[in-house]
Each structure stands twice: as C-alpha cells, then as structure tokens.
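Everything on this sheet refers to the single structure shown next.
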Amino acid sequence: MNKWRWAALAAILACHAPFIQGAEMAAIPVVVAEQDGQFRLLRGGEPYEIRGAGLEYADLAVFVSHGGNSIRTWRTDNPGLPGQQLLDEAWKLGITVTLCIEIGRERHGFDYDDAEAVAEQFEYARGEVLKYKDHPALLAWMIGNEPNLSFKNPRVFDAINDISLMIHELDGNHPTTTALAGFNKELAELAETRMPDLDFISIQMYGDIVNLPRYIRKTGFDQPFLVTEWGAIGHWEVGKTSWGAPIEQNSTEKAANYLKSYQVAIASNPDQVLGSYVFFWDQKQERTPTWYGMFLADGSATETIDVMHYIWTGDWPKNRSPQIIETRLDSKTSAKNVIVDANGRYQAKVVARDPEGDTLRYRWEIMVESAATQEGGDREEIPMTLQGLIERSESDKTEVRAPAEPGAYRLYVYVYDGQGHAGHANIPFLVR
C-alpha cells in the first residue's frame, strides 16, 4: 500500500476514534500525503483542495455562496470575534479555518535573543492550541505571519520550529506551517535547516507571484506549499508619479491580474500547491481604501469577487460587477503625472460598462494622499476626505476644483450597478 493510501487510512481511523469515545465534537484529522511526487492535503481521509480567502469580519455565508471552502486568520482571536465563535460559524457553514498563532515581529521590537520573552510566547501559543485543537472546523495551524519581513535574527525560525514541535505533541490532527513573505533560495534553506518540523511552508506574494514557478524551479524546492496571500499588485511593485505616489490599477485591471496570477502561479503547479488563500476578502486601508480589499467600505463587491467565483465554481456569477474602461482628470490618465493649479477647475470623466446593462450610479471624492510608511499590512490611518470640491458627484463626468493647499491628493470614482456590485478607479494628482 502506497504512502498516500496509508495516510488516508490512518486519517479515517483517527477521525472516527473520538466519536467512538462519545465526544460531542471532535477534530477531523488533516494530513499531507505524497504519492509519486504529488502532494495532497487529506481531511478525514479525503483529498481537500483549499479554495480560500483571508478574512476577518466579512460575512462567511457570502464567501461560501461564491464557492469558497476555507478561510485563514492573522491571529487566533480578533477583537470582537473570538476564535471559538469563528470556528463555530465556519463549522455550521461547512468550511474550515487555518488559525494563525500571532508571534512577535522583530520589526515591531520583539527580541528573539530574549529567552524570557520567547518562553512567554511559547506558553501563549500552547494555550491557544489547547483552546482550539479539537474543533472540527480547524484545518491547520499557521505559526506567525511573515516572520521573515525585515528580520535580522534567524532565531525567529527556531522559535517557530519549537512551537511546531509543541503543537505536534499536543495535537496529532492538524499540520503546521508559517507564512513567508516571498520565496527564494535563502528562505528555502531556512525552512529546511531551522524549521524542519513544519509540515509545509506557506508563501505570500503579490505582483511577483507570476514568477513563483520560476523561483521554485531555480531553487529545486520539491516540497508541498500553500499560497496564503496573493491578489493585487503590491503598492511597492507598481510605477510611481514624479512626486512618488504609487499608481493603482482600477478594479477591472485588478480582476484581470487576479485571474492571471491564479492561472500562472497556483493552478499551474497541482503537484506541490495544496491550495491558496486570496487576499483580502473584505475592505482595508493600505495606501488607499481600495488597493487590497475585494469589497468597498460600503460592502459592495468588486470584480475580483467575480473572478474568484469563476475560479472556485467554473462559472461566472449571474450578475457581474461594473467594468472600468478609462478614467481621466484634465484629459490625463493616472500614469501621466497630473499636476494642477491650486483652486483651478478641471474636468474628470470615467468610462464604464455593466455586463448586464444595469443602470450605473457614480460617486466621486478627493482624499489627501496617504503619507503612510508602514509595511506588512500594519494598520494605517484613513486619509482625510475633502468636501465641496466635486460639482456633479453622481455623473460619469464632473468638474473638480483643485484644493487650495499645495500637495499630493487622489481623485476617486466609484461606479455602482444597484445589484450590490461596484467598480472603482483613482488618479493621484499634485497641486502646485
């Protein structure tokens, strides 16, 4: 009997054991199995391909309606949403959760040479494992998110391995991983030498993810992995204006990039990729309020949701989001260094279409350009919205009065179809 079948048999037997003992709720065993160089995640003895998203407060039922089957977190307990509540809700909906145990980040001041702090963190992790290890919705443990981001002390990886060893001692039903920012030869070697107890690694990449297959081949990495963050092209990866403002894709361009990224980097490697978690099934402020979120702040779904529905189900949704064709300010696109005079008046327009011909509604606004320098998704302040500068906010064409104060700003336009969907675009501009 090959290794895959042995693993499946062991998982099935382990799965039934807790129920035989009379437990009301019990863990469903999850293992990584390999056959002839092909890796599979087995849950309860059955192949389980992750169709996932990273989310924190979004409606899980909406996620399921689009074909998703698993979510990942960035901590075990979100403020206002305890891990138990999240797992219970997931279980009711028939989906799974990869729980992230938050660990100290060197870039935030955590010192991995401080034995007492590392020991305290280890005990915290033990407590979280004991709380949630037997929940049937639990799929895997993620030990830290992007611990390699701006790291200098490799002992962070020793700490991860120690936590993984502890998890395997306490919980024989769930695999362990850590989510690495990017992938290269150095990271592959660190995983092999300092984190050998992990069942697999997880990789997080954005625009550069289309090069991941090449990186895998170049390093000779032949182990299983998850892709636990991917989606928009990162704000650090795009072109910038002459004054340094990153140029964001509109919602239609983003949707095309999501589909390309999935096809090139994830679907192309079924032997090693165990599945993926797209980012971000919600809304967040990170350089702009639209850069990474697949929903707007008002809850409207964007075209990236349509793409994930297609990827997960094989069909496009019956009603799709508005598509952005072009946006201009003073006859210039976002890539043309739009520089205007203080208090000057300028024309702006957006060209959009709706696949079903739904009547479109428009909304324009101007925000101060974000001055954030945070990295790794750290919390950012929402830039100020300026009032009284848009003449016709609900039209596809409008007149914009430039702010009186010189500086960097951004013009946003949102296009709604009345069916819960929206498109968006923005143009950075400089007032002189």
Side-chain angles (χ1 to χ4, degrees), residues 53-63 65-66 68 71 73-74 78-81 206 229 231-235 245-255 258 278-309 317 319-324 327 334 348 350 352 354 358 360-372 374 377-390 393-394 396 398 400 408-428:
L55 61 82
E56 293 189 297
Y57 301 108
D59 190 324
L60 292 183
V62 171
F63 168 70
S65 73
H66 287 286
I71 65 171
T73 70
W74 287 265
N78 282 315
L81 186 62
Y206 287 85
E229 282 186 23
I233 297 175
H235 59 266
I247 300 169
E248 180 179 355
Q249 291 185 317
N250 64 42
S251 55
T252 295
E253 292 166 335
K254 285 181 193 285
Y258 272 60
V278 69
F279 187 88
F280 173 57
W281 196 273
D282 209 328
Q283 184 274 338
K284 69 173 301 195
Q285 167 66 37
E286 191 167 352
R287 295 311 190 264
T288 76
T290 55
W291 204 296
Y292 298 98
M294 300 168 71
F295 292 82
L296 300 184
D298 60 18
S300 299
T302 71
E303 203 174 338
T304 55
I305 300 294
D306 297 350
V307 167
M308 296 315 300
H309 186 104
N319 189 278
R320 296 173 62 178
S321 299
Q323 298 170 349
I324 305 294
T327 311
S334 59
V350 62
D354 186 83
D358 294 328
L360 297 177
R361 178 174 64 85
Y362 304 86
R363 178 170 67 86
W364 298 82
E365 67 180 13
I366 292 175
M367 300 181 82
V368 175
E369 181 69 12
S370 172
Q374 289 93 325
D378 292 350
R379 185 181 179 277
E380 297 180 11
E381 294 296 326
I382 300 174
M384 180 172 58
T385 300
L386 304 183
Q387 305 297 330
L389 300 177
I390 306 293
S393 182
E394 296 189 358
D396 61 341
T398 189
V400 175
Y409 301 87
R410 201 172 284 253
L411 174 69
Y412 294 82
V413 62
Y414 301 93
V415 183
Y416 300 91
D417 68 352
Q419 306 294 326
H421 312 124
H424 62 79
N426 66 67
I427 297 179

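- A donor-acceptor contact shorter than 3.5 Å links the side chain of E248 to the backbone of W291.
- For the pair Y362 and T398, the minimum side-chain heavy-atom distance is 4.5 Å or more.
- The two residues T252 and Q323 come nearest to each other via the heavy atoms OG1-CA, 3.2 Å.
- Here the closest non-hydrogen pair linking R287 and S370 is O-CB, 3.3 Å.
- Taking a 6.0 Å sphere around CD of Q374, one finds it holds more than 12 heavy atoms contributed by other residues, nucleotides or ligands.
- Contact detail for A255 and V307: the closest heavy-atom pair is O-CG2, 3.5 Å.
- Separation of atoms OH (Y57) and CD (Q283) is listed at 13.5 Å; rounding is to 0.5 Å.
- Here CG of L296 is found 11.0 Å from CG of D282. Values are rounded to the nearest 0.5 Å.
- S393 contributes a side-chain N or O that, together with a main-chain N or O of W364, makes up a donor-acceptor pair within less than 3.5 Å.
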Worked check of side chain to side chain contact (heavy atoms under 4.5 Å, CB included) between I382 and M367 = CA-CA 9 Å; I382 300 174; M367 300 181 82; 3.9 Å; yes

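- Closest non-hydrogen pair, F280 versus L55, comes out as CE1-CA, 3.9 Å.
- In this structure, the ring of F279 has its center less than 6.0 angstrom from the ring center of W74.
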List the steps and the verdict of side chain to side chain contact (heavy atoms under 4.5 Å, CB included) for M294 and Y258.
-> CA-CA 11 Å; M294 300 168 71; Y258 272 60; 3.8 Å; yes

Could you give me the CA-CA distance, side-chain angles and deciding distance for V413 and N426, then say whether side chain to side chain contact (heavy atoms under 4.5 Å, CB included) is met?
-> CA-CA 6 Å; V413 62; N426 66 67; over 6 Å; no

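- Note on residues 294-307: no pairs pass salt bridge (Lys or Arg N to Asp or Glu O under 4.0 Å), not counting sequence neighbours.
- A salt bridge is absent between K284 and E380; no separation between the charged side-chain nitrogens and carboxylate oxygens falls under 4.0 Å.
- Going from atom CD1 of I390 over to atom OH of Y412 covers 12.5 Å, rounded to the nearest 0.5 Å.
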Y409 and L386: side chain to side chain contact (heavy atoms under 4.5 Å, CB included), yes or no, with the steps?
-> CA-CA 10 Å; Y409 301 87; L386 304 183; 3.5 Å; yes

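- Within a 6.0 Å sphere centred on CG of L81, other residues, nucleotides and ligands contribute more than 12 heavy atoms.
- Interatomic distance, NE2 of H309 versus OG of S321, reported as 11.5 Å (0.5 Å rounding).
- Of all the heavy atoms in V400 and A348, the pair that sits closest is CG2-CB, 4.0 Å.
- The side-chain hydrogen bond (donor to acceptor under 3.5 Å, both in side chains) test applied to Q285 returns no partner, not counting sequence neighbours.
- S334 and P428 make their closest contact through CB-CD, 3.9 Å (heavy atoms, listed as atom of the first residue, atom of the second, distance).
- In terms of modelled atom types and a separation under 3.5 Å, the side chain of K254 and the main chain of G231 share no donor-acceptor contact.
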Is there a side chain to side chain donor-acceptor pair (under 3.5 Å) between Y206 and H235 once you walk through the steps?
-> CA-CA 10 Å; Y206 287 85; H235 59 266; over 6 Å; no

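- In this structure, the side chain of T327 does not engage the main chain of V350 through any donor-acceptor pair within 3.5 Å.
- The side chain to side chain contact (heavy atoms under 4.5 Å, CB included) test with V415 singles out one residue from I324, D396, D354, and that residue is I324.
- Taking OG1 from T290 and CG from N250, the interatomic distance works out to 10.0 Å, rounded to the nearest 0.5 Å.
- In this pair, H424 and Y414 present their aromatic rings tilted. The plane angle is within the 30 to 60° band.
- Residues D417 and N319 are in side-chain contact: their nearest non-hydrogen atoms beyond the backbone lie under 4.5 Å apart.
- Interatomic distance, OH of Y416 versus CG of D358, reported as 15.5 Å (0.5 Å rounding).
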